[in-house]
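Along the sequence shown, residues are numbered consecutively beginning with 1. Small disclaimer: the values here were computed from a predicted structure and weren't measured.
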Amino acid sequence: MAARLKLIDSVPVRGVPGPPPRHLAIVMDGNHRWARARRLPGASGHRAGAKNLKLVAQACADRGVEFLTLFAFSTENWQRPKREVVLLLDLMRGVLTDDIDELNRKHVRLRFVGERSRFPVDLQQLMERAEWATRANRRLHLTIAVNYGGRWDIAHTARTLARAARAGDVDPDEISEESFGRHLALGDLPPPDLCIRTGGERRLSNFLLWDFAYTEFYFCDDYWPDFDEERLDHAFADFGSRQRRYGRRTTAERA
């Protein structure tokens, strides 16, 4: 990490060379470890992480990111201690109750992807109301993945197309990568250009497995509550320095 930061120390905190990623995905990891390092209860880490989410979303909008997708609650997170799960659900309720007016003032459209049926009914209703209330906003499309898993997404899409084929609405021979992809949770969005994962881990953790086919990755050791605007700009600068070949050679390589 020290070497990476040194490489881009000359980048101004507010300046990003070249365009930012159009679609940014983030795995917000390290809330509990952030709290433990400060000898605080785990709840403090999750609250700090929720607060930081607002700051980073604002910074993304300021820098011209159009689509921001956050991994907030995976299909595997139900295995965490019950008290922690209850806390996470309560934090979601708080955001959906208290922050919708602010999202509208900032022209942020909010939506959720994932299997919602496992959530309490009142939380499902809050999600629907938030999506409806912010549906006309266009400055930033903020997608929150909840009870989401990349394998679930692919299997769910396969079941959807299988039912359509059985009903005669889809010809199985006509199913392509493009048509399959349009039925995924993020099928109406461009694929993520960059995925940032905080917390020091170097894995996908079952997030957007199909969508990440040509996504660039940026892993950092900072816990999510510490991931501020300067760190975001470092990630964008690193992204801007890369050549995205999509399997092709560059002009220099062809020469």
State plainly whether one hydrophobic cluster holds both V95 and L70, where clusters connect Ile, Leu, Val, Met, Phe, Trp and Tyr through side-chain heavy atoms under 4.5 angstrom apart.
no
To the nearest 0.5 Å, what is the distance between CD on Q58 and CZ on R63?
9.5 Å
Working for side-chain contact (heavy atoms from CB on, under 4.5 Å), residues V121 and Q125
CA-CA 6 Å; V121 173; Q125 293 173 341; 3.7 Å; yes
Can you tell if the side chain of L140 reaches within under 4.5 Å of the side chain of H107, non-hydrogen atoms only?
no
Gap between atom OG1 of T143 and atom CD of E131 - 0.5 Å precision
9.0 Å
Just wondering, do W210 and E177 contact through their side chains at under 4.5 Å, heavy atoms?
yes
Does E102 form a side-chain contact (heavy atoms from CB on, under 4.5 Å) with R105? I'd like the steps, not just the answer.
CA-CA 5 Å; E102 181 179 0; R105 286 196 304 270; 3.6 Å; yes
Cation-pi check, R135 onto W132 ring (under 6.0 Å, within 45° of axis):
yes
CD of Q124 to CG of L96: how many Å apart, nearest 0.5 Å?
12.0 Å
Non-hydrogen atoms of L208 and P192 that approach each other most closely:
CD1-CG, 4.1 Å
Check: R116 main-chain N/O paired with N147 side-chain donor or acceptor under 3.5 Å
no
CZ of F227 to CG of D222: how many Å apart, nearest 0.5 Å?
7.5 Å
Less than 4.5 Å apart, side chain to side chain, heavy atoms only: is that true for P21 and F236?
yes
F119 and ring-ring contact (aromatic ring centres under 6.0 Å, His included): which single residue from Y148, F112, W78 fits?
W78
Members besides L91 in its Ile/Leu/Val/Met/Phe/Trp/Tyr cluster (side-chain heavy atoms under 4.5 Å):
L87
Under 3.5 Å: donor-acceptor pair, side chain of T134, backbone of A130:
yes
Shortest non-hydrogen pair, N137 vs N104, comes out as ND2-OD1, 2.8 Å
Heavy-atom side-chain contact between L186 and L184 under 4.5 Å:
no
So with a 6.0 Å cut-off around CZ of R138, is the heavy-atom count from everything else above 12?
yes
Below 6.0 angstrom between ring centroids: does that apply to F207 and F212?
yes
R47 side, atom CZ; N52 side, atom CG - distance, nearest 0.5 Å:
16.0 Å
Would you name the heavy atoms of R202 and G200 that are closest together and state the gap between them?
NH1-O, 2.8 Å
Give the intermediate values and the outcome of side-chain contact (heavy atoms from CB on, under 4.5 Å) for residues R111 and L189.
CA-CA 12 Å; R111 74 169 185 171; L189 302 183; 3.4 Å; yes
State yes or no: do L53 and L24 share one hydrophobic cluster built from I, L, V, M, F, W and Y residues joined by side-chain heavy-atom distances below 4.5 Å, directly or via other members?
yes
Has the side chain of R242 got a donor or acceptor atom that lies under 3.5 Å from a matching backbone atom of E216?
no
Could you grab the distance from atom CG of D171 to atom CG of D169, nearest 0.5 Å is fine?
11.5 Å
Can you tell me if N77 uses its side chain to pair, donor with acceptor, with the backbone of S74 under 3.5 Å?
yes
Is a side-chain N or O of N206 found less than 3.5 angstrom from the main chain of G149, in a donor-acceptor match?
no
Could you report the tightest heavy-atom contact between L194 and A235, atom names first, then the distance?
CD2-O, 4.2 Å
For T97 and G94, indicate whether the former's side chain and the latter's backbone hold a donor-acceptor pair under 3.5 Å.
no
Below 4.0 angstrom, N of the basic side chain to O of the carboxylate: do R182 and D211 qualify?
no
Sub-4.5 Å side-chain heavy-atom contact between R36 and N31
no
Provide the full list of ring-ring contact (aromatic ring centres under 6.0 Å, His included) pairs with a residue in residues 23-57, sequence neighbours left out, each pair given once.
H23-F67
Decide whether S205 and R197 meet the rule of one side-chain donor and one side-chain acceptor closer than 3.5 Å.
yes
Verify salt bridge (Lys or Arg N to Asp or Glu O under 4.0 Å) between D122 and R93, making sure each step is shown before the conclusion.
CA-CA 9 Å; D122 71 303; R93 286 188 182 91; 2.7 Å; yes
Do the charged groups of R22 and D193 touch, with an N to O distance under 4.0 Å?
no
side-chain contact (heavy atoms from CB on, under 4.5 Å) between L232 and C60, intermediate numbers included
CA-CA 8 Å; L232 181 69; C60 287; 4.0 Å; yes
For the student: nearest non-hydrogen atoms of W224 and G49, plus distance
NE1-O, 3.0 Å
Heavy-atom closest pair (A59 atom, E229 atom, distance to 0.1 Å) is CB-CG, 3.8 Å
Residues, nucleotides or ligands: over 12 heavy atoms within 6.0 Å of R151 CZ:
no
Between D153 (side chain only) and A185 (backbone N and O only), is there a donor and an acceptor less than 3.5 Å apart?
yes
Sub-3.5 Å donor-acceptor pair from the side chain of E201 to the main-chain atoms of R203, do we have one?
no
With a 4.5 Å heavy-atom cut-off, do I196 and F219 have their side chains touching?
no
Is there a side-chain contact between T69 and H141 in this structure, where contact means two heavy atoms from C-beta onward sitting under 4.5 Å apart?
no
Can you get from V85 to M92 by hopping between Ile, Leu, Val, Met, Phe, Trp and Tyr side chains that sit under 4.5 Å apart?
yes
Linking I/L/V/M/F/W/Y whenever any side-chain heavy atoms sit under 4.5 Å apart, do Y223 and M28 land together?
no
Would you confirm whether S44, through its side chain, and L40, through its main-chain N or O, come within 3.5 Å as a donor-acceptor pair?
no
Check: D99 and K54 side chains under 4.5 Å, non-hydrogen atoms
yes
